[in-house]
Each structure stands twice: as C-alpha cells, then as structure tokens.
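Quick notes on the structure that follows.
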Amino acid sequence: MRLKSLPAELAVFGGAPAFPQELPVGQLNVPDWDVFTDMFSDILERGYYTNNGPLVRQLEFELQRILNVRHAICVTNCTIALMIAARALDLRGEVIVPAFTFPGTVQALAWAGAIPVFADVDPRTHALTSDTVHPCLSDRTTAVLGVHLWGRACDPDRLGALCDSHGLKLFYDAAHAFACTHRGRPIGSLGAFEAFSFHATKIVSGAEGGCLTTNDDELANRARTLRNFHSSQTFAKVGPRINGKMSEAQAGMALLSLRNLDANIAHNRDIDAIYRARSIDWPGLRLYRHAPEEQNNYQYAVIEVLPGCRIDRDSLVELLRAENVLARRYFYPGLHRVVPFSEQYLHVSLPVTDALAKSCLQIPLGPLVDEDAASQISDLIAFACAHGDAILERMRA
Ligand SMILES: *Cc1c(COP(=O)(O)O)cnc(C)c1O
C-alpha cells in the first residue's frame, strides 16, 4: 500500500483497501503440514480417539512442566473448565467477577449454579483488583473469579490476601495468559484453579480445548472426576458430573501448537514492538501496556481511544475494517449489558467497565501480520488521528 495522503483515498470512502486480504484479530497459528498429517495418521492408526488417550496424557505432562504446576487437567474448552472448577470448589451463593471479559467466564458460573456479582475493573490494568472487589463483598460471597486479562496477572497478591482474610475461594480465568508470568513464574498456580483456553484464536490452539491447573491434589481429583461421567473414572466424591473430556485430535493439535509456541510469541513480540514504537504518532490513542517486568504472549494489541482524540472509537474501527484491517470492539458491551445478565443487573454501575467498552479496540496481530503490514497499519492509524476531523465530517455526509 502507498500511504494514503487524502481522506478521499480511504477505502471507507471508496478507495482501494490497503490490504487485499482480510487481517483478523485472533489469527490462527497453523501447524506445519507434514507433522500435522503424521500426528493425525497416528491417531487413526491407533484407533484411540478419546477417553484420556496417550496424547491427552502427554499434553497434560507437558503443560505441568511448562506451567510449573502439579496438575494440568485437559478438558473440552475453557468454559467447561470453569464450570468444573466452580463445581469442584463447591461454590454456592455469590461469586465476584468482572463484566469486562469474554461471555464464557460468566456463563460458566451461571451454569454451575453460582450467582455472578459484577465488580468494576481498574482503568490501567483493565482487570479486577482488591480495591474494586472489596465494595462487592456481602455475607453471601463465597468466591472471586478473576481474569488475567491481556495476559497480565490479576492482582494476585492483594486479591489473594483479601480472599484469605474473608474466607473466600479465589480462582482465575487464564484464557489469555498462557506463557505469561507473575513475579517471573508462569501463571497457572496463582488461584485454587486456573482455567486456560486452547481455542483456535488463542496462543496455544487445539482448535477447541482447555485445561484446569491446580497444585491441590484433592481439587485435582474432584476436577478429574467431574470431567468424566463414567463411574470407572471416580477419584473423589462429587455431585452430578459432565462430559468434559478432551479428544486425541484436540490434544494432537495442542501438542503441535506447543512446538511453535516460542516462535509464535517471538513473532507477536516483534509486531507489538512496531505498534509500540509507532504509537507515538497516534495522538489521543493509548496502546495497552503489558507489565514491563513480566513475560507476556503478546496475543492482544489493545488500543484505548482517549477523550480528545480526533476520531472516535467506532469510526476508527469502521475505517480500519474497510481497509481489511479487521479491528474489533472487544469487549463490547460489558456483560452486565448483555442478555441474560442485563435483565438482572440493570442497577449495577460499572463506570470504568462502561468507559473501556466504549473506548477499546483490538488491532490484528499474528502470522498474517508481518513487519511491513504492522508498519502500514500504524500509518493508517496515524493518518486517521491526524485527519480525524475531515474524516468524520465526510463519514457523516
Ligand atoms: C476465549 C476465552 C474464554 C473461552 O474459552 P473457550 O475455550 O472458548 O471456552 C473464556 N475467557 C476468556 C477471557 C477468553 O478469552
């Protein structure tokens, strides 16, 4: 693409899109074709497709090593992992959660029979903190479910202390946080449980998939029992069970994905560095800052449109999408404004969540974005900021 020099050249006004191919958020990391076909012919030859097969066991073993945790329990997806965690912890009453998260986080709690109570988030980290959780405590609170949003640990030290002092359980949605650290140690054992996602759009992909991690042997036994409805797989006394087993196909995909993990993170980190360096030319926008002293997987490039920016969030998303840069509002809106929660939670006031839902967008990052594309996307954003007034006027016309 040649840098557009007039608003009229933008695709949103009929110009040629900057990219011939769509660049989505949450791009697929594809395994090498040869190893993929070998892996799948092995599965077919063994004729062992599911029920805690050899690849699931190997994956669990590798996850325990990488995440430095006693138990990794692979399941169908992260949502089922959270449902199983809530049941294994025997949660009743109210569980405090953020509304600035993926719907699965809270749907899982509701399925498990807990009552979600939405707490606001911190404007800098976008996540729960002990300060935002504290006002939501009641005598019905039994637990806190934090989300390690954008791969940053969700205030584990202070939140852990708050939960300990109130006798509450603390567990985490770690769907964003594979290969991310807290105080230099891998995220995965900060809560009673942590739930990871291996959905296709995550840094480690099994197409679908997830796992629960814990250092607690008794909780691990309960989770392993809950995941499989067969009585021959009983390791602890639990209530009604579910089918949350991971298939060999998922485990095979995830194992291949782990082989490429370092390279995929390194690529993301390079692209993130370009966006970061170029973001000085984006007046009125703020690129989310990962914790500087920790490792991140750089799977998310999140921009906040600040008050006073010459272009508003929705117009910026529209402009980029026309160029085939499939930026997304994410998360939008907060879950307290989404069915089925919106009906019950009309009264809750979450000003920071609402402000973030109105101001955040994600820009693409992943294998389809090379350094050149990152640079061109940065140019487009800089152009939109510089010419925001003229662009908005023309968009309205
Ligand atoms: C992707 C995601 C989930 C859901 O994971 P699945 O494996 O698709 O069930 C839950 N929470 C967050 C924060 C996510 O990003």
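We're numbering straight along the sequence, starting at 1. First listed ligand is number 1; within each ligand, the first listed atom is number 1.
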Between Leu258 and Glu62, is any pair of side-chain heavy atoms under 4.5 Å apart?
yes

Are side-chain heavy atoms of Leu63 and Phe61 found at a separation under 4.5 Å?
no

In the protein, what heavy atom is nearest to atom 3 (C) of ligand 1, and what distance, to one decimal place, separates them?
Phe102 CD2, 3.4 Å

Which residue and atom name correspond to the protein heavy atom nearest atom 13 (C) of ligand 1, and how close is it?
Asp173 OD2, 3.5 Å

Is a side-chain donor-acceptor pair under 3.5 Å present for [Y] with [X]?
X: Asn268; Y: Gln299; result: yes
X: His290; Y: Gln295; result: no
X: Glu294; Y: Thr181; result: yes

At less than 4.0 angstrom from any non-hydrogen atom of [X], what atoms of ligand 1 do you find?
X: Lys202; result: 1 (C), 2 (C), 14 (C), 15 (O)
X: Asn77; result: 7 (O), 9 (O)
X: Ser197; result: 5 (O), 6 (P), 7 (O)
X: Thr105; result: 11 (N)
X: Gly209; result: 7 (O)
X: Thr79; result: 4 (C), 6 (P), 9 (O)

How far does CG of Leu335 sit from CD of Gln107, to the nearest 0.5 angstrom?
7.5 Å

Quick one: does [X] get an N or O within less than 3.5 Å of an N or O on ligand 1?
X: His176; value: yes
X: Val147; value: no
X: Thr101; value: no
X: Tyr300; value: no

According to the interplanar angle, ranging from 0 to 90°, do the rings of Trp150 and Tyr330 count as parallel (below 30°), tilted (30 to 60°) or perpendicular (above 60°)?
tilted

Short version for Ala175: what comes under 4.0 Å of ligand 1, heavy atoms counted, is side chain

Check ion pair Arg70-Asp216 (N to O, under 4.0 angstrom):
no

Under 6.0 Å between the ring centres of Phe118 and Tyr345?
yes

